[in-house]
Amino acid sequence: MAGAAQRGPMWTHRPSKKPPPPPHAVTAALLPLPQDAKTLPHKKFSIHEKKASDVGMDHANGHHRPSSNHQRSPIARRPDSGGIEGAVIPLSANYFLVRFSPDQKIFQYDIDITPHPSKETARMIKNKLVQENSSVLSGALPAFDGRRDLYSAIEFQENKAEFFVNLPVALARCPVDKKNGHMLDKQNFKVFKVNIRLVSKLSGEDLNKYLTEDKDGISLPQDYLHALEVILREGAMESSVLVGRSLYPRSMGEAREIGGGAVGLRGFFQSLRPTKQGLALNVDLSLTAFHESTGMILYLQKRFDFLKDLSHQKARALSEEERREVEKALKNIQVRVCHRETDQRYHVHSLTKETTENLKFRDRSAKDLMVVDYFKEQYNHDIQFRNMPCLQIGRSKPCYVPMELCVVCEGQKFLGKLSDEQTSKVLRMGCQRPSERKGIIKGIVEEEFGAGSNSYTDQFNLQVSKDMTQLSGRVLLPPRLKFGSGGRITDMTPHRFDRQWSLLDSHVTDGSKIKNWALISFGGTPEQHSYIPKFVNQLSSRCEQLGILLNKKPVISPLFERIQLLNNPGILESKLGKIQEAASGNLQLLICVMERRHRGYADLKRIAETSIGVVTQCCLYPNLSKLTVQFVANLALKMNAKLGGCNVSLYNSLPCQIPRIFSDEEPVMFMGADVTHPHPLDDSSPSVVAVVASMNWPAANKYISRMRSQTHRKEIIEHLDVMTGELLEEFLKEVGKLPGRIIFFRDGVSETQFDKVLKEEMHALRVACLRYPGYKPLTTFVVVQKRHHTRLFHREKNGGSTHYSDQNIPPGTVVDTVITHPREFDFYLCSHWGTKGTSRPTHYHVLLDENRFQSDEVQQLIHNLCYTFVRCTRPVSLVPPAYYAHLAAYRGRLYLERSDSVATNCTTLYRSTPLQTTPLPKVSDSVKRLMFYC
C-alpha cells in the first residue's frame, strides 16, 4: 500500500350514534393568505435525566429514537369493533405472538469503544469482553445493537466500568499504526478501551399497559420495544448481515448473480408489532442486492458496459466523464487488498486524478516514489493496468492502492440504482407461491426461536410462538360498474375470480374526441416502419368500438426519425414544435413509437408537456409487431384517460353507497399525495412531491395534479398549502362549489412520522382553506402503506388441507382485527388478485377522521374506488388517488433527468455550499388540467 498509511383483551368501543355535523357554509370569496399562516414551529424538548420512559439515543450517528413519553397528536381511534360486511374467510398471518414478563427489568448500558471500530469489529469486541469478564458482568449474556447500546437481563456489579480488549491486528478492522508503508505484523494486537455506563433501567409495565388498557394518552414505550427488537435478533447476528430490520444469513442459500456487479440475496425480516392480540413478531422473507465480492477489475467489467473488455485492454484509460462515473459508483465501497496478508477492510474515498503510472507519493523520509516502482520493490508486483487511476483509501492521509490489487468485500448492500433487468431478477428470487412462502417463514421462526436455539430470549424471559396467528378476514363484494350508453353492455358486476372485466361489447363511460393528433417514430427498421398503417387502422377501429373518437387521419403524415434524436433535447424540441405548428397549435395527442426503451424518454415527456403543450402516448415497436387486441385496447384506454375521458364509473354513486356521509348536493374532493426521493447514491438531487385531486362529483374519477421539487430527501410536503389552494380553485371552476369534505390519502409515510405528517400537513391543508372565509371542510386523513411485510394466507380448516392453500387470498379481502393496532383505526385490504408470488395487502391507517366513518363505510369506499383506476380493467392494489400521486411524482422526477447533462449523472463528492433545489419546469396550461401523467 502506497502512501501514509403477554396478551390483552380484545378492545371494543361503542360507536357514537350522533351523525357527523354538517360542514360550515361554503363561499367562493377569495381572501389573501394570512401573514401568520405558516408551518407550525417545531416543539423543542429538553432531556434532563434519562429514565425508563425517556428517549433512547443512537449514539453512533446522533439520532434519537422516538421518545416513549412524547405527547402524540391525537390519532383517530377505531370507531367500532371492526367491520361486518363480507363473507368470512379463515386466514393466517405471518405474525408470531411474543410473551414477555412486565416485571422483567432490562438494564441498558452505554458502551463507548476507542478507537472507534467498524460495526463488525465492535461485535467482536463485545463478544470477547463478555467471555473474559463474566464475573464483573454478573454472568450476563447481553445483547448489543452494534453501535452503543448494550442490554442485559442482569445488573452488572458496577454502574460504570472500564475494560481493555485485545484483538489481533488482522481482525481489528480499524486504523492502526504503519511503518514504512507496511502494516504491523499480524501477530500484533490492537488494544481497545471500552467504557460501560448504566443509563437506564427499563420495565415492561408501560408496554403491558399500552397493549391491555383501553385508555387514551398511553404512549408506546419505544425504548423498551427497541430493546426487545435488539434482543430478538441477537442470536442471528453472529452469522448474518443486518440491513435495516432484515437479516441476510449466509446459510439461507447462495447469492445469485443479477448482473452489473451485483448479486441478489434472500434473507428474512423481523419486527415487533403491538397488535390487538398482544405483542407480535412480524417475520417475512426479504430480498436485496449486494455488491458481488470479486476482484476490482472484474467488478468494473461487470458494472460498466464501457469497461466490459478491460481485462483484454490493459492499456485502457478512463475519460474524465468515465472516471467521475466510476468514482461515484465506488465511493464508500469496502475493499481489501490482496498483495499482502490482512483481513483489514478499507473504504474507498475517491479515485486519483492521475493514472497509476504517473502517480507519486512521498515516503517518511520525504523521498518521492512512483507507485509502480514502490509495488515492484516492496511486493515484487508489476502493475498491469497502469493507465487506470488508483483507489484512494483514507481521507485525511492519502493512501493509494492500484485497482488490480483490491477485492470488493462481501456483505455490502448495493446502493446503486438497479436496472430493470436486475430488478426483475431480484423480484423473481422472492416470487414464491403462498404455500412455499408460508413454509419458509415457519422454518425461519423454528430455527431462530425453537427450543434451546436462542439463549438470549431465554435469559430475558421472552417466548416466541412457533405458530402463525390465526384470524378471520372478510371478502367484500365487488361493486357494480357503469359503462357508456352506446355499447351493448352498459353495466356489469365483475364476478370472475380475479375481478377482471371486459369492454369487448361496451363503451367507455365518457369517450374523448381526439381530432388533432400526430405520430412520430424513433428508430426502427424499414420492416417495423411498415407496421404503422396497420397499427393506426386498428387503433382507430378499437377506439370507435370503445366509444372514443380518434380521427382516422393524423394532422400530418407519420414522421420517421432516428432514435439518436432522443439524445439531443434541443433538436427534439424543435422537431416537436414544428409538429405543433402544423396542427395550428391545436395538437391534442402525439403518439411516439420507439425502437426500444431510451433515456431520452424523460426529455420527450418534459418537452412535450411543459414546452410544446401536448399529451404523448409512447409505445414500442416489438408490441406493434404482435399487435394484440389487449395491447391496442389498453393503449386506447390510456389515451382516453389522458385526454379528459372517463373509462369506467361506479353504477351506484358514492352518495348512494354511503348516504349517512355523502350527498349529491355536497361535493367531496378526494386527494392523494406522495413524495419520491432520488436513489441512495444521489446526494444532491431534490425530492419531488405530487398532489392530485378529483375534479368531478359524484363520479370522483378525474384527477388533476400539481408537482413540485423540494428539499433533498425531505418527507414532509413543502408548499402543500399552495398546491392545495390551486386544486381547490380548479375544483371550484369545475364543480361550481368548494368541496364540503376532503378525503386525503397520503402515501409513503412510516409510522415514526405519523405525528409530524399529521400535524404539519393538516396545518397546510387548513391554511389553504383559510383563503375562503368560513370555509372549514371536514377532512379525513389516511396514510397508505405498501412497503410493509404483512402477508395473509388461506388457513386450512381443522388442520386439514384445502385446494386454496396455494392460492392467493381473493380480491376484496379485508382484515381489521387481531393483527391490527390495539386502538387506532387501521386495516389491511387486498383489493387486487395476485398473479405472481404472494399478494401483499395495502395497509390503510386513518390518522384523522372528522367525517366519522364507520369501519364498513371507509373499507367499502376504498375497495370500490380501486375499481375506477383508468389504466386497466381490473381492481388495483392501491386506492387510485394515492396511485395517481405516485405516477405524477414519478413524472416530476423524469422532468429532472436530462440526457444532455453530465451533472445529473454524477454525485458531488465534496460539498461546501448548501444544496440548491432545482425547480420543476411549469406544465403547459393546455396539459395541466388533464391526467397526462397516467
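The chain is numbered in sequence order, starting from 1. Note: hydrogens, waters and symmetry copies are ignored here, and every other heavy atom, side chains too, is used.
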Exercise. Quick one: does T873's side chain have a donor or acceptor within less than 3.5 Å of a partner on W501's backbone?
Worked result: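 Answer holds: yes.
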Please indicate whether [X] has more than 12 foreign heavy atoms, meaning atoms of other residues, nucleotides or ligands, lying under 6.0 Å from its [atom1].
X    : atom1 : result
R874 : CZ    : no
K552 : NZ    : yes
K515 : NZ    : no

To check you understand the geometry: which heavy-atom pair defines the closest contact between [X] and [Y], and what is its length?
X    : Y    : answer
A673 : A885 : N-CB, 3.6 Å
F827 : T820 : CA-CG2, 4.1 Å
L829 : L476 : CD1-CD1, 4.5 Å
Q580 : G613 : NE2-O, 3.8 Å
V735 : P667 : CG1-CB, 4.0 Å
I661 : N851 : CD1-O, 3.5 Å

Problem set entry | Contacts of type side chain to side chain contact (heavy atoms under 4.5 Å, CB included), residue P880, not counting sequence neighbours |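 Expected list: L865, C866, T868, F869, Y884.
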Exercise. Can you check side-chain hydrogen bond (donor to acceptor under 3.5 Å, both in side chains) on N701 and S649, steps first, answer last?
Worked result: CA-CA 7 Å; N701 54 8; S649 59; 4.8 Å; no
Do [X] and [Y] have a side chain donor and acceptor closer than 3.5 Å?
X    : Y    : answer
Y933 : E609 : no
Q807 : H794 : no
Q753 : S750 : yes
D826 : H843 : yes
T616 : K605 : yes
N516 : N551 : no
S687 : H677 : yes

Seminar exercise, completed: Given the options L847, V675, V691, R746 meets side chain to side chain contact (heavy atoms under 4.5 Å, CB included) only with V675
Exercise. How long is the span from the CD1 atom in I612 to the OG atom in S924, to the nearest 0.5 Å?
Worked result: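 Here the interatomic distance stands at 9.0 Å.
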With heavy-atom distances below 4.5 Å as the criterion, would you say the side chains of [X] and [Y] are in contact?
X    : Y    : result
L91  : I89  : yes
L792 : V815 : yes
R77  : D849 : no
V689 : M707 : no
S855 : R78  : yes
D664 : P698 : yes
V876 : H832 : no
E730 : R706 : yes

Problem set entry | Listed partners of E734 passing salt bridge (charged side-chain N to carboxylate O under 4.0 Å, His left out), at least two apart |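 In terms of salt bridge (charged side-chain N to carboxylate O under 4.0 Å, His left out), with neighbours along the sequence ignored, E734 is linked to no residue.
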Exercise. Which residues pass the salt bridge (charged side-chain N to carboxylate O under 4.0 Å, His left out) test with R474, sequence neighbours left out?
Worked result: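 R474: salt bridge (charged side-chain N to carboxylate O under 4.0 Å, His left out) contacts with D816, D856.
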Exercise. With sequence neighbours left out, what residues match Y828 under side-chain hydrogen bond (donor to acceptor under 3.5 Å, both in side chains)?
Worked result: Y95, T790
Exercise. Can you list the residues that meet the side-chain hydrogen bond (donor to acceptor under 3.5 Å, both in side chains) rule with Q657, with sequence neighbours excluded?
Worked result: N864
Exercise. Taking the six-membered ring for Trp, are Y844 and F745 parallel (under 30°), tilted (30 to 60°) or perpendicular (over 60°)?
Worked result: perpendicular
Problem set entry | Proximity of F825 and H845 rings by center, below 6.0 Å |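 Centroid separation for F825 and H845: 6.0 Å or greater.
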For this session: Show the numbers, then the answer: is there a salt bridge (Lys or Arg N to Asp or Glu O under 4.0 Å) between E850 and R766?
Result: CA-CA 13 Å; E850 295 174 343; R766 287 172 174 142; 2.7 Å; yes
Exercise. Going by the side chain to side chain donor-acceptor pair (under 3.5 Å) test, which pairs reach into residues 634-644, not counting sequence neighbours?
Worked result: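 Pairs touching residues 634-644 that pass the test: S512-N640, Q617-K642, Q630-N634, N640-N647.
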